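Encoded as structure tokens, the structure appears first; notes follow it.
All heavy atoms count here, side chains included; hydrogens, waters and symmetry mates do not. In this text, all values refer to a predicted model and were calculated from it rather than measured experimentally.
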Amino acid sequence: MTINSTLVNHPLRIPLAAEVHSRPSLLLQSPEMLTHIAVFARSDAKIAGDNTQTQLMILADFCQYFGVACPGVEAKYFFHDFGQFRLKWECHTEFATYSFLDNDGGSLHAACKSGFDADGFEKNALRYVPQQWLSALSGRVMVAAHVALFPAQLYGRGDAASMRGVFDGALLVGSEVISRGEVWTDFLIKADGFGRFVVKDFGFLEQQPGRIVQRILEIETYRMMALLGLPQAQAAVPVLNSIESELVKLTSDMVLKGGIDGLGELSDTDAEQDVLRQIIALAARLEKLALENSYRFSASKAYFSLVSARIEELREIRIEGIPTIAEFMDRRLAPAMQTCESVVRRQEALAARIAHTNDLLRTRVGIVQEQQNRRILQSLNLRAAQQLRLQQAVEGLSVAAISYYLAGLVLYVGKGLKAIGVPLNPELVTGLLIPAIAVGVWLNLRRMHKNLK
């Protein structure tokens with residue numbers, strides 16, 4: 001049964017299905033000489049699109065020299081046989097890799113017969129690459145390494161003595177991998193600017209040589225990319241020391257001053273606000289440092305995880321007296337990654353301490369403000385009591401004044417009545433009515449106050 005042609009796929013189905021096949025390992029057959037270069041396009045490459053465009057421009061310049069069509073703008077993988085050499089190009093988030101394979105098998109077969117030494121790495125595919133293009137990569141090359149893949153008859157198993165002659169160094173790292181071969185290196189950059197690896201083929205199956213070489217090169221590339229976080233971690237330590245010292249001083253000042261001085265008076269609020277501003281400034285400095293380092297530290301952690309995964313895939317078996325790749329990374333790379341992790345943890349802990357100190361100071365400032373508000377309220381209560389007493393005094397005066405005016409009116413009324421012939425004494429009547437007038441005025445004022453409340 002075939003799928004109905006009218007079936008509409010998700011727009012990402014085909015790209016996602018192709019993604020797992022986008023970076024196949026090379027098909028290698030010993031003997032082979034491979035040169036690997038990882039180009040780091042920009043030191044602050046945080047946007048994948050920017051890195052991809054830059055890397056495609058570099059690849060386009062290379063292809064133009066040989067008259068070969070460059071891949072499209074969305075390409076992440078490119079392979080082409082240029083006749084004298086083959087090129088495998090891969091674009092990653094921060095870098096791109098160029099793997100050059102020499103098609104001249106005659107020199108490699110001759111080396112297998114006469115013996116291979118350190119000079120054998122000079123016969124690599126870069127002799128066919130335009131030097132002008134290589135010079136244009138100045139300042140961008142993050143990894144450069146030669147890998148020599150040889151059959152079993154060239155060297156015996158665990159032959160460390162012959163390998164020391166190839167690498168010319170005291171340090172030697174090697175192990176048996178997947179029980180069908182050996183990997184040897186010293187992880188050093190030689191005078192020509194390249195590292196060196198030797199892979200011995202004791203019976204690899206069809207795709208195993210290419211996968212082993214790819215894993216070795218990924219280990220070397222991811223190792224270097226992971227180490228990019230170390231300089232930033234080392235640069236961050238003095239900044240963290242400075243911020244921590246200033247925080248300790250501010251905290252000590254807070255403890256010495258206290259919220260209330262020895263006389264029971266409130267501490268200087270302006271001084272507290274100044275300390276608060278300094279703490280906020282420390283928090284801003286630490287946040288800026290964390291933002292500058294967060295991407296690099298996260299990337300280093302991810303690269304280190306990839307290194308560990310690739311080493312595990314090698315299934316190393318120890319060669320007597322020679323450290324394995326895993327042991328080398330545990331001793332040399334793991335401490336650097338732990339330094340980065342310690343800086344991350346220290347940043348987080350210091351940020352938490354600053355936040356805690358800030359909360360304490362804000363609480364203390366709040367307590368001081370509450371005490372000030374309490375004093376203000378006490379003062380307002382005192383003033384209210386004084387105003388009440390004054391109001392009561394004024395109320396008494398008001399009763400007397402109103403009673404006086406009302407009594408005057410009564411007196412005028414009495415005089416008017418006497419003038420028209422009513423037999424009464426206005427002064428006597430007014431005198432007798434004054435107490436009643438005063439009581440009535442007082443009761444009316446009390447009723448008015450009660451209604452207003």
**OP:** Just say parallel, tilted or perpendicular for the rings of His146 and Phe121, cut-offs at 30° and 60°.
**Re:** parallel
Subject >> Close side-chain approach of Phe78 to Cys63, heavy-atom, < 4.5 Å >> reply: yes
Original post:
Are any non-hydrogen side-chain atoms of Phe197 and Glu220 less than 4.5 angstrom apart?
Top reply: yes
Original post:
Between Ala75 and Leu56, what is the shortest heavy-atom contact and its length?
Top reply: O-CD2, 4.4 Å
Original post:
Salt bridge check: are Glu244 and Arg353 linked by an N-O gap of less than 4.0 Å?
Top reply: yes
Subject >> Gln347 versus Leu286, closest heavy-atom pair with distance >> reply: O-CD2, 3.7 Å
Original post:
So does Phe66 have more than 12 non-hydrogen atoms from other groups sitting under 6.0 Å from CZ?
Top reply: yes
**OP:** Without swapping roles, check the side chain of Asn51 against the backbone of His92 for a donor-acceptor pair under 3.5 Å.
**Re:** yes
Original post:
Can Arg331 and Glu327 be counted as an ion pair, charged N to O under 4.0 angstrom?
Top reply: no
Subject >> Donor-acceptor pair, side chain of Asn103 and main chain of Gly83, under 3.5 angstrom >> reply: yes
Original post:
Between His80 and Arg86, is a side-chain contact (heavy atoms from CB on, under 4.5 Å) present by the stated rule, with each step listed?
Top reply: CA-CA 6 Å; His80 187 75; Arg86 291 162 285 163; over 6 Å; no
Original post:
Does atom CD1 of Ile189 have more than 12 heavy-atom neighbours, drawn from other residues, nucleotides or ligands, at distances under 6.0 Å?
Top reply: no
Subject >> Parallel, tilted or perpendicular, as decided by the 30° and 60° cut-offs, for the rings of Phe328 and Phe187 >> reply: parallel
**OP:** Please step through side-chain contact (heavy atoms from CB on, under 4.5 Å) for the pair Ile354 and Leu247, ending with a clear verdict.
**Re:** CA-CA 7 Å; Ile354 290 176; Leu247 180 62; 3.7 Å; yes
Original post:
Can you check whether Val198 reaches Phe167 side chain to side chain, under 4.5 Å on heavy atoms?
Top reply: yes
Original post:
Which word best sums up how the rings of Phe82 and Phe85 line up, parallel for under 30°, tilted for 30 to 60°, or perpendicular for over 60°?
Top reply: parallel
Original post:
What is the distance from atom CG of Leu282 to atom CZ of Arg277, rounded to the nearest 0.5 Å?
Top reply: 13.5 Å
**OP:** Evaluate the side-chain proximity of Thr97 to Ile37: yes if any heavy-atom separation is below 4.5 Å, no if none is.
**Re:** no
Original post:
Do Arg345 and Glu348 sit within salt-bridge range, that is, some charged N less than 4.0 Å from a carboxylate O?
Top reply: no
Original post:
Is a side-chain N or O of Gln207 found less than 3.5 angstrom from the main chain of Leu26, in a donor-acceptor match?
Top reply: no
Original post:
Rounded to the nearest 0.5 Å, how far does CD of Gln132 lie from CG of Leu134?
Top reply: 10.5 Å
Original post:
Are Tyr295 and Gln232 close enough that a side-chain donor and a side-chain acceptor fall under 3.5 Å?
Top reply: no
Original post:
Are the side chain of Asn381 and the backbone N or O of Leu377 linked by a donor-acceptor pair below 3.5 Å?
Top reply: yes
Original post:
With side chains defined as the heavy atoms from C-beta onward, is the minimum distance between Leu250 and Thr357 less than 4.5 Å?
Top reply: no
Original post:
What is the distance from atom CZ of Phe100 to atom CG of Asn124, rounded to the nearest 0.5 Å?
Top reply: 10.0 Å
Original post:
Gly181 and Phe204: which non-hydrogen atoms are nearest, and at how many Å?
Top reply: CA-CZ, 3.6 Å
Subject >> Between Thr221 and His36: side-chain donor-acceptor atoms closer than 3.5 Å >> reply: yes
**OP:** Scan side-chain atoms only and decide if Asn241 and Arg346 contain a donor-acceptor pair under the 3.5 Å cut-off.
**Re:** yes
**OP:** Identify the heavy atoms of Arg285 and Ser242 that sit nearest to each other, and give their distance.
**Re:** NH2-OG, 3.5 Å
**OP:** Starting from the C-alpha separation in whole Å, work towards a yes-or-no answer on side-chain contact (heavy atoms from CB on, under 4.5 Å) for Leu228 and Met224.
**Re:** CA-CA 7 Å; Leu228 281 175; Met224 296 299 296; over 6 Å; no
Original post:
If you measure from the Lys or Arg side-chain nitrogens to the Asp or Glu carboxylate oxygens, is any gap between Asp102 and Arg127 under 4.0 Å?
Top reply: yes
Original post:
If we only count heavy atoms from C-beta on, is the Ser300 to Met337 side-chain gap below 4.5 Å?
Top reply: yes
**OP:** Return the minimal non-hydrogen interatomic distance between Phe40 and Glu94, and the atom names on each side.
**Re:** CD1-O, 3.0 Å
Original post:
Between Arg211 and Glu218, is a salt bridge (charged side-chain N to carboxylate O under 4.0 Å, His left out) present by the stated rule, with each step listed?
Top reply: CA-CA 10 Å; Arg211 291 204 302 267; Glu218 288 177 348; over 6 Å; no
Subject >> Worked verdict on Met329 versus Phe304 for side-chain contact (heavy atoms from CB on, under 4.5 Å) >> reply: CA-CA 10 Å; Met329 295 301 174; Phe304 182 58; 5.6 Å; no
**OP:** Only one of Val199, Val166, Ile319 passes side-chain contact (heavy atoms from CB on, under 4.5 Å) with Trp184; say which it is.
**Re:** Ile319
Subject >> Phe194 side, atom CZ; Leu188 side, atom CG - distance, nearest 0.5 Å >> reply: 15.5 Å
Original post:
Does some side-chain heavy atom of Arg180 sit less than 4.5 Å from a side-chain heavy atom of Gln208?
Top reply: yes
Original post:
Are Phe150 and Ser30 side-chain neighbours, meaning at least one heavy-atom pair lies under 4.5 Å?
Top reply: no
Subject >> Inter-residue atom distance Leu28.CG - Ile212.CD1, 0.5 Å rounding >> reply: 11.0 Å
**OP:** Please check if the side chain of Lys88 supplies one atom and the backbone of Leu101 the other of a donor-acceptor pair under 3.5 Å.
**Re:** no
**OP:** Walk me through it: do Trp133 and Tyr98 pass the test ring pair (Phe, Tyr, Trp, His ring centres under 6.0 Å)?
**Re:** CA-CA 13 Å; Trp133 181 82; Tyr98 295 78; 5.2 Å; yes
**OP:** Return yes when atom CD of Gln64 has more than 12 non-hydrogen atoms of other residues, nucleotides or ligands closer than 6.0 Å, and no otherwise.
**Re:** no
Subject >> Arg310 side, atom CZ; Arg223 side, atom CZ - distance, nearest 0.5 Å >> reply: 16.0 Å
Original post:
Of the non-hydrogen atoms in Pro323 and Val173, which two are nearest, and what is the gap between them?
Top reply: O-CG1, 3.4 Å
